[in-house]
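Here is the structure we will look at.
Scope of the values below: all heavy atoms of this structure, side chains included, with no hydrogens, waters or symmetry mates. Below, read A as the first sequence line, B as the second, and so on, with proteins coming before strands; counting in each chain starts at 1.
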Amino acid sequence: MAIYRPVKKILIPIMALLVGSGAAYFLMPTKMDAIWRDWNAQSEEWEQAVYQVASSYEKDGAAATEERGIWSKERSFFEVTAAVSNDSFFTFDAHFEGDRLFVQSGDKWVQGTTSDRFVAEFSPLDHPFQWMRDMLLEAEEVRRESEDGRTVYQAVFTEFDESDFRGYSLERQEETTLTLTVADDQLLMEFAAKPIRPDYLGPFSGYPQQIGFELSLEKVDEQPPPVPAEAYDSEQLE
Amino acid sequence: MKWLNRVHLIHGILLVLLLVTGLCLYMTTTRTWFNQLGVPLVSVHIVIAVLYIAVVCYSIIRVGRYLLKKPRASRFNFWLHAIFFFLWATSGAVMYWQASFPVTLRNGAVVIHDWTTFLYLPWLLVHSVGHLFSWKVPWPDWWTKHVALPPAIAENKFERRDFLKLSGLTVLFLMIGSWLKWLTPVLSAVDSENKRRGYFRIYNVTNDYPRYEPGEWSLTIDGLTNKSETITYYDLPRFPATTIVDDFHCVTGWSVRHVEMKGIKVKDLMTQLGIEAQSDYVTAYSGDEMYFDSFLTTQLLDEEALLVYELDGEPLKHAMGFPCRLYHPEMYGYKSVKWINRLEFTEKREIGYWQQSGGYDLNGYL
């Protein structure tokens, strides 16, 4: 027994091991946790600025929509070009104000709220930073690389619990990433998805093999244009 | 000495009262029993706690001076009680002023308040039995008398060198552990943000709460409206459903984060049924025939109040209000009337059950 005395010789290292490693396990983040938290925290800061935006959405390599405009958390304006067929396009203007959407096509205005199905087709233009944070909640891995004044964040997804992208339900994923490149006053958000077609879809339901969405945001000092007065009296979206 | 004995007695009585009221609050059966008797147990517990804190603050220095000169057992008892007092008082204060603290802290306070009580019980039992039956625990002499420590104990005395060794090794293990955790390729922050945190404590005001079978339940909307309507369990899926993920907060201090609730907005239900409210107040009644609470009509119609029938993708459990309960996203849980069976629009505002019995705020905003 003599070698075990005094007992404190053994108890002190055991106590230190339990307390030290226990505190590390419960309190310290993994590298990915730290990147994830930083990305989320930064996004809340970025969200406060006003941006000149340009975005494009592709399905299976073909351009579906393009948007140009100006975004702020409170109010945004976009000129939207949507592909109707291979060589024809439909253009209209869209204003977001709070949870309301006003669309002008030719001289005609219609309005709706962000809960309307139609507005889902604009996502994530209405709230790109909130959308990014929602997506990050489903990330499997996150990475960050910094080089020459640029920081590139990337999130990898293998499965979504409940996410839609422009009308397509995203579930299991073959290869899907969300990449955000940050350089000075510019942000570039790229969502590249190879979703696995959900089993419940019938043979006649369209579902893309590839989805690509790019959104570039450049900080500006100007404000989005106000919603014209006639828009408030317009018909509701059906 | 007389003064110390008196303080000891007062301290003991208050502490036992606190434990008894606290445990009665913790256990659903006793809590409900006191509710049925109309005893505001939470308020009683808080009043005793304030008295207890006052007694401790008044006496601690003099008691400390006395006990810290006594043998080790008394010194241990003094420090044990000082630590427990600090933990109870601090966690209790966080629970009382919960609205000023983040969810994690207030849930932590509830856990600390509970566990300090459970951990204290063995000591209290031994101490009380000893006093009552003049039973002496056969502690070794070095613990209860002013005698020299035996070598096997003396050699383990915690000295400055040991403190430094413990601190140094703890920091070392903390650094090694942190480095290993940092390198672990796991994104655990997502889970902690996404997953539900905390658990529901079930509070009812009657022991015999309704255990509805689906066909037995109905909800009537009546009072000062253009018409009255009654819907049944089988009607619920026919109305537009809304699913929200929200944090559920109880006024007693605990919260459950990220709870998925599916139900029908009161506004949507009224619209679908073609009911127009013609008064400024509405009372929600529970099927337990005891509990009710009231709202401004605007609070239910314009503030996204829901009639919830699914929780985390499952139908509500009987004790949680099956088949349907009210939920207001910006109000404490006591406004979330379980087994709701009637919404009555009234000319004057009714004073709800907990406003009458517990002095709770009428609006119950977080």
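Contact of B/A152 with chain A is made through backbone and side chain together, with heavy-atom distances under 4.5 Å. With a 4.5 Å cut-off on non-hydrogen atoms, A/L27 does not touch chain B at all.
For B/F163, the CZ atom counts as loosely surrounded, since its 6.0 Å shell holds 12 or fewer non-hydrogen atoms of other residues, nucleotides or ligands. Counting non-hydrogen atoms of neighbouring residues, nucleotides and ligands closer than 6.0 angstrom, the CZ atom of B/F118 exceeds 12 such neighbours. Surrounding CD of A/Q48 are more than 12 heavy atoms belonging to other residues, nucleotides or ligands, all under 6.0 Å away. Surrounding CD of A/E147 are at most 12 heavy atoms belonging to other residues, nucleotides or ligands under 6.0 Å away. Within 6.0 Å of CD in A/Q209 there are 12 or fewer heavy atoms belonging to other residues, nucleotides or ligands. Surrounding CZ of A/R150 are at most 12 heavy atoms belonging to other residues, nucleotides or ligands under 6.0 Å away. The 12-atom threshold is not exceeded at NZ of B/K70, counting heavy atoms of other residues, nucleotides or ligands nearer than 6.0 Å.
Of the possible donor and acceptor atoms, one in the side chain of A/T30 sits under 3.5 Å from a partner among the backbone N and O of B/V186.
Heavy atoms only, all atoms of each residue included: A/V7 and B/N156 are closest at N-OD1, 3.0 Å. The nearest pair of heavy atoms linking A/K8 to B/E155 is CE-O, 3.2 Å. Across all non-hydrogen atoms, the minimal contact from A/W36 to B/L187 is CB-CD1, 3.6 Å. Of all heavy-atom pairs between B/L169 and A/A16, the closest is CB-CB, 3.4 Å. Scanning both residues, A/I12 and B/F158, for their nearest heavy atoms gives CD1-CE1, 4.2 Å. Taking both residues in full, the closest heavy atoms of A/A24 and B/S178 are given as CB-N, 3.4 Å, listed atom of the first, atom of the second, then distance.
For the atom pair A/I14 CD1 and B/L166 CG, the distance stands at 12.0 Å (nearest 0.5 Å).
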